[in-house]
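Everything below concerns the one structure shown next.
Because only heavy atoms are used, hydrogens play no part in the values below, and waters and symmetry mates are left out as well, while side chains stay in.
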Amino acid sequence: MMKVVIVGGVAGGATAAARIRRLDENAEITIFERSGYISYANCGLPYYIGGEITDKEELTLQTPESFYSRFRINVFVKHEVIAIDTAEKKVKVKDLDSGEVFDCGYDKLVLSPGARPIRPPFPGADDARIFTLRNVEDTFRIKDHVTGKGTKRAVVVGGGFIGIEVAENLARLGIDVTLVEAAPQLMAPFDEDMAAFIHSEVRRNGVKLRLGAAVESFSSVKGGLCVRINGGEDIVADIAVLAIGVAPDTSLAKEAGLELGIKGSIVVNDRMETSAPDVYAVGDAVQIKNFVTGKPALISLAGPANKEGRIAADNICGKDSRYGGGQGSSVIKVFRLTAAATGINERTAELEGIDADKVILSPMSHAGYYPGGKIMTMKVVFERGTYRLLGAQIVGYEGVDKRIDVLATALRAGMKATELTELDLAYAPPYSSAKDPVNMAGFMIENIRDGLVRQWYYDEVPLLKRDGSVTLLDVRTAEECASGGMIDGFVNIPVDELRDRIGEIPAGKPVYIICQSGLRSYIAARILAGRGYDVYNFAGGYRYYATVVKDKLCAERSTACGKDSD
């Protein structure tokens, strides 16, 4: 009878345990989990704080009793594995309640220790009003403090998934929230232009943003907790939540002599095997391969952890399962907005030396003639020349998750960006358009490939000459230009009047065109190209441009641009 010991539960460890049982009814399976919960909805923890999830029992997916009842798996919570002897094939375990220490032998060992919140040694960071959020116990501590101490002001440090979700849920409670992020933008998986839509939604809901602001210290002052950020600004709050990021929790693996990789993560092969015989590792603590770049990566998401747990279990039970790497597919709720990404962004492509291009479009979530459609903004990144699909980012209010999953699947399947035109996607007016937004992205990329359109981008606006050597053309309606504003130096000729007013556009000069979303400007570009003009179409449209520019202005002011200014 095979004896399997699993260190850590939640996504990776619990998945591995259940899969092993399904493959081997006779295996002896034991899980040691140092927290008080074996399997919980860690992605749902911020929503319990904000009251979106009201019953704390809903956070617990499995208990030791339910795991044993269904799977005959022995689960020991509040038991910490403190040492591994890979030569003797045993672990040393400490009962955190009684203090008892004992050995437990194994035939196969699975490490699923997860990642720990980064807590830099800021002066004053040991204040009891400063929290991190990793597990259920952390959630209850924050919730109890917020509800029991009359919290009115909070500072959240870190603008990733956890930071944004905590900020949103504290704001839901009526707390005055300031979100501090050392980087110039929230949500690193997004490029700065797409992050601008996230920033706008956060500000619109009353959360103050301090971007490019690094915390220097904490101190206790009369009336609260003082958070000092670079530049000397002090923010006084009642609590602070650190969500700066996570680091692989691999001290146990290091002491056991396992090979470690980037940021101290556990190195595994595609079978999830570590450098020690019969020792596997899964989840946030392991170094995996980035599916797009092929390079080592850390991807701390529940989806990969579950897959890795299953693959480790398969191989423990004699199958041959392989993990091809992660592409970082993710989605987040930001108040009413949904933001999603897959693959790599434009910034990462540049860092990796990949010659990348992109299309930006603003389609409706479903057919425009059917009531209730919402605009989304999509950015699809591909390799110039080969048209290899590299990644995508989408922000919007409806249909975002559906489209990102289609694009993630296309990327995984190795489709070229031009092949998005061929996807046969479901259509009915309440759900989509006959030409789905994913198809539209493919059509745009196909047009670039075929030389039917050349693009220009928002960061080129300051570089455009205003000396008459080029023509700057806005083809929106006069009413749109009057109400929404225009870029300095552009002249307005609505697209439907363009053929009749073609004489107003000087021949022999490049023409840079913009409209609200990019569609009418493309039509205008084809009209002019058909008459021999040298034309360039703006990628994204004026709505996109205005959002990005406004975000930059808000960041420079560092404060307001709040809900009343949108």
Side-chain angles (χ1 to χ4, degrees), residues 1-35 37-40 61-95 101-114 249-250 252-253 255-259 266-286 288 302 304-323:
M1 180 174 61
M2 177 173 61
K3 187 173 184 179
V4 182
V5 170
I6 299 175
V7 181
V10 197
T15 295
R19 176 68 170 171
I20 292 168
R21 174 56 74 228
R22 289 193 293 270
L23 297 177
D24 187 342
E25 181 63 22
N26 298 313
E28 181 185 330
I29 308 169
T30 303
I31 302 178
F32 294 112
E33 166 60 47
R34 65 184 162 198
S35 78
Y37 298 84
I38 180 58
S39 181
Y40 54 88
L61 304 178
Q62 292 283 355
T63 65
E65 294 76 20
S66 67
F67 229 54
Y68 184 81
S69 175
R70 176 162 295 181
F71 298 112
R72 291 299 187 267
I73 293 170
N74 300 306
V75 177
F76 296 89
V77 295
K78 297 186 178 179
H79 279 66
E80 181 176 8
V81 174
I82 57 177
I84 303 170
D85 187 334
T86 58
E88 295 293 326
K89 299 185 76 168
K90 62 182 181 182
V91 297
K92 189 177 294 295
V93 186
K94 182 177 182 180
D95 183 331
V101 176
F102 59 92
D103 290 339
C104 180
Y106 65 84
D107 297 310
K108 305 287 185 179
L109 176 66
V110 180
L111 302 179
S112 180
D249 194 352
T250 55
L252 186 64
E255 291 167 5
L258 301 185
E259 181 184 353
I266 303 171
V267 172
V268 294
N269 59 19
D270 59 359
R271 289 168 51 89
M272 309 315 297
E273 296 168 325
T274 71
S275 58
D278 297 317
V279 180
Y280 298 75
V282 301
D284 294 353
V286 304
I288 62 173
N306 276 279
K307 295 180 182 70
E308 293 155 18
R310 180 183 174 91
I311 289 167
D314 283 355
N315 292 310
I316 285 170
C317 294
K319 294 169 66 69
D320 184 20
S321 290
R322 309 276 175 163
Y323 187 47

Neighbour count above 12 (heavy atom, 6.0 Å) for Lys78 NZ: no
Closest non-hydrogen atom pair, Ile31 against Ala17: CD1-CB, 3.6 Å
Separation between CZ of Arg34 and NZ of Lys94, rounded to the nearest 0.5 Å: 13.0 Å
Donor-acceptor pair, side chain of Arg21 and main chain of Ala27, under 3.5 angstrom: yes
Which atom of Ala16 lies closest to which atom of Ala313, heavy atoms considered: O-CB, 3.5 Å
Rounded distance [0.5 Å steps], CZ in Phe102 versus CG in Asp95: 7.0 Å
Arg271 and Asp320 ion-paired at < 4.0 Å: yes
Contact check, side chains of Glu88 and Asp103, non-hydrogen atoms, under 4.5 Å: no
Closest heavy-atom pair and its distance - Pro64, Val77: CG-CG1, 3.8 Å
Val81 and Val5, any side-chain heavy atoms less than 4.5 Å apart: no
Presence of salt bridge, Asp24 and Lys108, under 4.0 angstrom: no
Thr274 side-chain N/O to Val279 backbone N/O, donor-acceptor pair under 3.5 Å: yes
Side-chain (Thr86) to main-chain (Ala276) donor-acceptor, under 3.5 angstrom: no
Nearest-0.5 Å distance that lies between atom CG in Asn306 and atom OG1 in Thr15: 3.5 Å
CA sep, side-chain torsions, deciding dist, call: Thr30, Phe76, side-chain contact (heavy atoms from CB on, under 4.5 Å): CA-CA 8 Å; Thr30 303; Phe76 296 89; 3.7 Å; yes
Glu308 side-chain N/O to Gly283 backbone N/O, donor-acceptor pair under 3.5 Å: yes
Glu33 side-chain N/O to Gly9 backbone N/O, donor-acceptor pair under 3.5 Å: yes
Min side-chain heavy-atom separation Tyr68-Asn74 under 4.5 Å: yes
Separation of Ile29 CD1 from Met2 CE (nearest 0.5 Å): 7.0 Å
Phe67 six-ring face occupied by Arg70 cation (under 6.0 Å, within 45°): no
Any side-chain heavy-atom pair of Glu255 and Ile84 under 4.5 Å: no
CZ-CG distance between Arg322 and Asn269, expressed to the nearest 0.5 angstrom: 7.0 Å
Check: Arg19 and Cys317 side chains under 4.5 Å, non-hydrogen atoms: no
Crowding at NZ, Lys89 (>12 non-hydrogen neighbours, <6.0 Å): yes
Closest non-hydrogen atom pair, Val286 against Val282: CG1-N, 3.5 Å
Heavy-atom pair with the smallest gap, counting every atom of Gly257 and Ser275: O-OG, 4.4 Å
Ionic contact status for Lys3 with Asp107, cut-off 4.0 Å: no
Between OG on residue Ser321 and CG on residue Asn315, distance to nearest 0.5 Å: 5.5 Å
Contact summary for Ala302 and Ala11, nearest pair of heavy atoms: O-CB, 4.4 Å
Sub-4.5 Å side-chain heavy-atom contact between Val268 and Tyr280: no
